[in-house]
A.B. asks: 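Got a structure for you, written out below as structure tokens; questions coming shortly.
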Amino acid sequence: MAEENKKNFEFIEEVTTNVDEVQKRVLHEILTRNANVEYLQRLSHTDRETFKKFVPVITYEDIQPEINRIANGDTSPILCSQPVSEFISSTGTSGGENKLIPTTEEGHGRRLQLYGLVLSVMSQFFPDLEKGKGMYFLFIKSEAKTPGGLLARTFLTSLYKSSHIRNNNSYVLPYTSPIEAILCLDSYQSMYSQMLCGLCQNREVVRVGSVLASAFIRAMRFLEDHWSQLCNDIRTGTITNKITDPSVREAVMKILKPDSELADFIEAECSKDSWEGIVTRLWPNTKYMDLIVTGTMSQYIPMLDYYCNSLPLVSTMYASSECFFGINLNPLCKPSEVSYTLIPTMGYFEFLPIHSSNEFIDSISISTQLNEKDEQQLVDLVDVKIGQEYELIVTTYSGLYRYRVGDVLRVAGYKNNSPQFNFIRRENVILSIDFDKTNEFDLQNAVNNAANNLMPFDARVVDYTSYADTATIPGHYVLFWELSANASTPITPSVLEDCCLTIEESLDSVYRQGRTSDKSIGPLEIRIVETGTFDKLMDYCCTSLLGASINQYKTPRCVKFAPLVELLNSRVVSSYFSPVCPKWAPGSKQWNNTN
């Protein structure tokens, strides 16, 4: 372990010192090995200047035809010279389908390298982690196969099903959860089994976490609801018959032993009036929490502090389905100060300057399209400026070229010559809970579909906006509707409940899976507001923007600015929830036909 850590720190020092040389080499390697792929045929040279001149900045929709060809079985070198081993699926496109990000076997190795760097960094601040275990609540999602036979699944599903994790312990320190519990698709059985194993090994736990802060909060709420049954299982050394998966039962029974003393201890702690500090009470050797608390996850920090007695909240890594980017070299910093050092060997990075950054302006969704002038403003990793915000553009070994990830970053400082970035937000995403990210196009389409339910009542949606309510566990989406209705034909509550369900049915499969299978998103809510509410909303917007003309701004389709949410809530006259879960089935994705 010590030798591995030494090599990793030497690597970090080298690549963060010689950033531009490394970035030039990475781009040269990507272009040289992929020189003959169909997408790059326009290039006659593999230097940086030719690349920037002839390769356009793109979004997923620009290369979706090429992606579809690969998904449908075309094995020719379309985007990458290496064979595509699988697709990493991520948040949906404007058409409501998951994005399919091509990856290769080499790409998996590069991602795992970043995990190794994280372990070395954490060992500096928390020695002897390998002597204890991590209680992480980890969940996979169902996978599908494309018509061409390639798997399409989330990165975490791919990771935990891979031989890399099962056979190479250098990348992952021991967990309390058996792999069978992590791989169980039934969200209740998976959560119950992981919680039970974590409680049984409570003295061995030195770190706790999950991928997202919201998932850990759900785990604590699950414990609040099920601690009595869990104690019974620990006391008797048997597992409830609600756990029906044979492989999960077998794996848990290898850990579970009758322990009345432990059961009494857990029961005494969970029976107390306050659950403040419950994590450090039940798992007393815990040193830190490992989860994402940046971006939209920051709203969970007060609740995490409550449960965990203000243990350090550590966000270790910055990554996406497209590429793994960087690591947090100062894990003990405050959550609001988290910055990530981009590791320049992960891909080739460019940055588009963002010229306006303001919490209020962001909340009213002023959008701009990337044009030729914008492309000319792109800068390299070494040329970003402290305090400036940028949209991240990435070129990867696996076949993405000048791809807009959609993340907005702010330059916070440097590690040697490598910039460190604060994650600010995901561009063009207006609603986000758990892994779901809903854009304005999808929301507008969903509202249009729901509004059709109002036509028999001679009613219409005058205006609307939305926000993600994370005060509830799990969080849920709220839409504020102002209606124009015929008083002689009142709208019944069941119709508005059906509107909620229609919206949910219209959102992408990531949302519907979160609602139906993962139970990580609560029922959608429509709040009906008084007539004239949106006039008052826009009056407030103009006043707050120092008298700017109202014609400069459209109605915000998402509100995050607290005074706007308060204004809307003060004018609510009724509210309605989706009565049932939307339809979703594993592998139900519609693959596009390229013919």
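Numbering of residues begins at 1 and proceeds along the displayed sequence. Heavy-atom basis, side chains included; hydrogens, waters and symmetry copies ignored.
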A.B. asks: Quick one: side-chain contact (heavy atoms from CB on, under 4.5 Å) partners of Arg25, sequence neighbours excluded?
C.D. replies: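 Partners of Arg25 by the side-chain contact (heavy atoms from CB on, under 4.5 Å) criterion, ordered by chain and then number, come out as Val22, Glu29, Thr345.
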A.B. asks: Is there side-chain contact between Glu350 and Val379, with at least one heavy-atom pair below 4.5 Å?
C.D. replies: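 The answer is no; the side chains never approach within 4.5 Å.
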A.B. asks: Apply side chain to side chain donor-acceptor pair (under 3.5 Å) to residues Ser158 and Glu86 and explain how you reach the verdict.
C.D. replies: CA-CA 9 Å; Ser158 175; Glu86 65 180 295; 2.9 Å; yes
A.B. asks: Taking Ser517 for its side chain and Gln513 for its backbone only, find out whether a donor-acceptor pair lies under 3.5 Å.
C.D. replies: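 Side chain of Ser517 to backbone of Gln513: no pair is present.
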A.B. asks: Please list, chain by chain and in numerical order, all residues satisfying side-chain contact (heavy atoms from CB on, under 4.5 Å) with Val118, sequence neighbours excluded.
C.D. replies: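 In terms of side-chain contact (heavy atoms from CB on, under 4.5 Å), with neighbours along the sequence ignored, Val118 is linked to Met122, Thr316, Met317, Ile327.
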A.B. asks: Residues in salt bridge (charged side-chain N to carboxylate O under 4.0 Å, His left out) with Arg111, at least two apart?
C.D. replies: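 Once residues adjacent in sequence are excluded, Arg111 has no partner under the salt bridge (charged side-chain N to carboxylate O under 4.0 Å, His left out) criterion.
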A.B. asks: If we only count heavy atoms from C-beta on, is the Phe325 to Leu409 side-chain gap below 4.5 Å?
C.D. replies: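 In short, these two side chains do not touch, never coming nearer than 4.5 Å.
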A.B. asks: Under a 3.5 Å cutoff, is there a donor and acceptor pairing between the side chains of Ser418 and Asn416?
C.D. replies: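 Per modelled atom types, Ser418 and Asn416 side chains form no pair under 3.5 Å.
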A.B. asks: Is it the case that atom CG in Asp128 sees more than 12 heavy atoms from other parts of the structure closer than 6.0 Å?
C.D. replies: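 Yes, CG of Asp128 has more than 12 neighbouring heavy atoms, counting only those of other groups under 6.0 Å.
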A.B. asks: Not counting sequence neighbours, which residues clear side-chain contact (heavy atoms from CB on, under 4.5 Å) with Arg249? List them please.
C.D. replies: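 Arg249 satisfies side-chain contact (heavy atoms from CB on, under 4.5 Å) with Ile239, Ile243 once adjacent residues are dropped.
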A.B. asks: If you draw a 6.0 Å radius around CD in Glu38, do more than 12 non-hydrogen atoms from other residues or ligands fall strictly inside?
C.D. replies: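 Atom CD in Glu38 is crowded, with more than 12 foreign heavy atoms closer than 6.0 Å.
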A.B. asks: Please examine the side chains of Lys133 and Val206, heavy atoms only from C-beta on, and report whether any two atoms are closer than 4.5 Å.
C.D. replies: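 In short, these two side chains do not touch, never coming nearer than 4.5 Å.
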A.B. asks: Could you work out, with side-chain contact (heavy atoms from CB on, under 4.5 Å) as the rule, every residue matching Pro56, not counting sequence neighbours?
C.D. replies: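 Once residues adjacent in sequence are excluded, the partners of Pro56 under the side-chain contact (heavy atoms from CB on, under 4.5 Å) criterion are Tyr39, Arg42, Ile58.
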A.B. asks: Verify whether the ring centers belonging to Phe324 and Phe155 lie closer than 6.0 Å.
C.D. replies: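 For Phe324 and Phe155, the ring centres are under 6.0 Å apart.
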A.B. asks: Just jot down the salt bridge (charged side-chain N to carboxylate O under 4.0 Å, His left out) partners of Glu14, sequence neighbours excluded, or say none.
C.D. replies: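 For Glu14 there are no salt bridge (charged side-chain N to carboxylate O under 4.0 Å, His left out) partners, ignoring immediate neighbours.
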A.B. asks: Does a salt bridge link Arg512 with Glu505, judged by any charged N lying under 4.0 Å from a carboxylate O?
C.D. replies: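 No.
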A.B. asks: Check whether Tyr477 forms a cation-pi arrangement with Arg515 (NZ or CZ under 6.0 Å from the six-membered ring centre, at most 45° off the ring normal).
C.D. replies: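 No, cation not above the ring by the 6.0 Å, 45° rule.
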A.B. asks: Assess, by modelled atom type and distance only, whether the side chains of Ser123 and Asn5 contain a donor and an acceptor separated by less than 3.5 Å.
C.D. replies: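 The criterion, which ignores hydrogens and geometry beyond distance, is satisfied for Asn5 and Ser123.
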A.B. asks: Taking 4.0 angstrom as the limit, do Glu106 and Arg33 come out as a salt bridge?
C.D. replies: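 Arg33 and Glu106: salt-bridged.
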A.B. asks: Please answer whether the main-chain N or O of Asp380 pairs with a side-chain N or O of Tyr348 as donor and acceptor at a distance below 3.5 Å.
C.D. replies: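 Between the backbone of Asp380 and the side chain of Tyr348 there is no qualifying donor-acceptor contact (under 3.5 Å).
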A.B. asks: Within the side chain of Gln201, is there an N or O that forms a donor-acceptor pair under 3.5 Å with the backbone of Cys197?
C.D. replies: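 Checked: pair present.
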A.B. asks: Keeping the roles fixed (side chain from Ser190, backbone from Leu185), state whether a donor-acceptor pair exists under 3.5 Å.
C.D. replies: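 Pair absent, no side-chain N/O of Ser190 close to backbone of Leu185.
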A.B. asks: Begin from the C-alpha positions of Leu117 and Ile12 and carry the test side-chain contact (heavy atoms from CB on, under 4.5 Å) through to its verdict.
C.D. replies: CA-CA 8 Å; Leu117 298 181; Ile12 292 171; 4.2 Å; yes
A.B. asks: Aromatic ring centroids of Tyr288 and Phe126 under 6.0 Å?
C.D. replies: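 Between Phe126 and Tyr288, which both carry aromatic rings, the centre distance is below 6.0 Å.
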A.B. asks: Mind checking whether Ile70 and Leu150 have side chains closer than 4.5 Å, heavy atoms only?
C.D. replies: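 Yes - at least one pair of side-chain heavy atoms lies under 4.5 Å apart.
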A.B. asks: Please walk me through it: do Tyr318 and Asn328 pass side chain to side chain donor-acceptor pair (under 3.5 Å)?
C.D. replies: CA-CA 8 Å; Tyr318 170 41; Asn328 180 3; over 6 Å; no
A.B. asks: Under 6.0 Å between ring centres, would you say that holds for Phe351 and Phe421?
C.D. replies: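 Ring centres of Phe421 and Phe351 closer than 6.0 Å.
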A.B. asks: Which one of Glu389, Gln420, Gln388 satisfies the side chain to side chain donor-acceptor pair (under 3.5 Å) criterion with Arg410?
C.D. replies: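 The side chain to side chain donor-acceptor pair (under 3.5 Å) with Arg410 is passed solely by Glu389 among Glu389, Gln420, Gln388.
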A.B. asks: What do the steps show when you test Phe87 against Leu151 for side-chain contact (heavy atoms from CB on, under 4.5 Å), and what is the final call?
C.D. replies: CA-CA 6 Å; Phe87 288 106; Leu151 284 172; over 6 Å; no
A.B. asks: Salt-bridge test for Asp62 and Arg402: reply yes if a basic N is under 4.0 Å from a carboxylate O, no otherwise.
C.D. replies: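 Judged by the 4.0 Å cut-off on N to carboxylate O distance, Asp62 and Arg402 do not form a salt bridge.
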A.B. asks: Decide yes or no on side-chain contact (heavy atoms from CB on, under 4.5 Å) for Leu40 and Val55, but give the supporting numbers first.
C.D. replies: CA-CA 8 Å; Leu40 293 179; Val55 177; 4.2 Å; yes
A.B. asks: May I ask you to decide if Ser398's main-chain N or O and Gln82's side chain share a donor-acceptor pair within less than 3.5 Å?
C.D. replies: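 Absent.
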A.B. asks: Any side-chain heavy atom of Phe139 within less than 4.5 Å of one from Phe137?
C.D. replies: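 Yes, at least one pair of side-chain atoms sits under 4.5 Å.
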A.B. asks: Do any N or O atoms from the side chain of Asn422 and from the backbone of Val411 form a donor-acceptor pair under 3.5 angstrom?
C.D. replies: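 Flag not set: sc Asn422 to bb Val411 has no pair under 3.5 Å.
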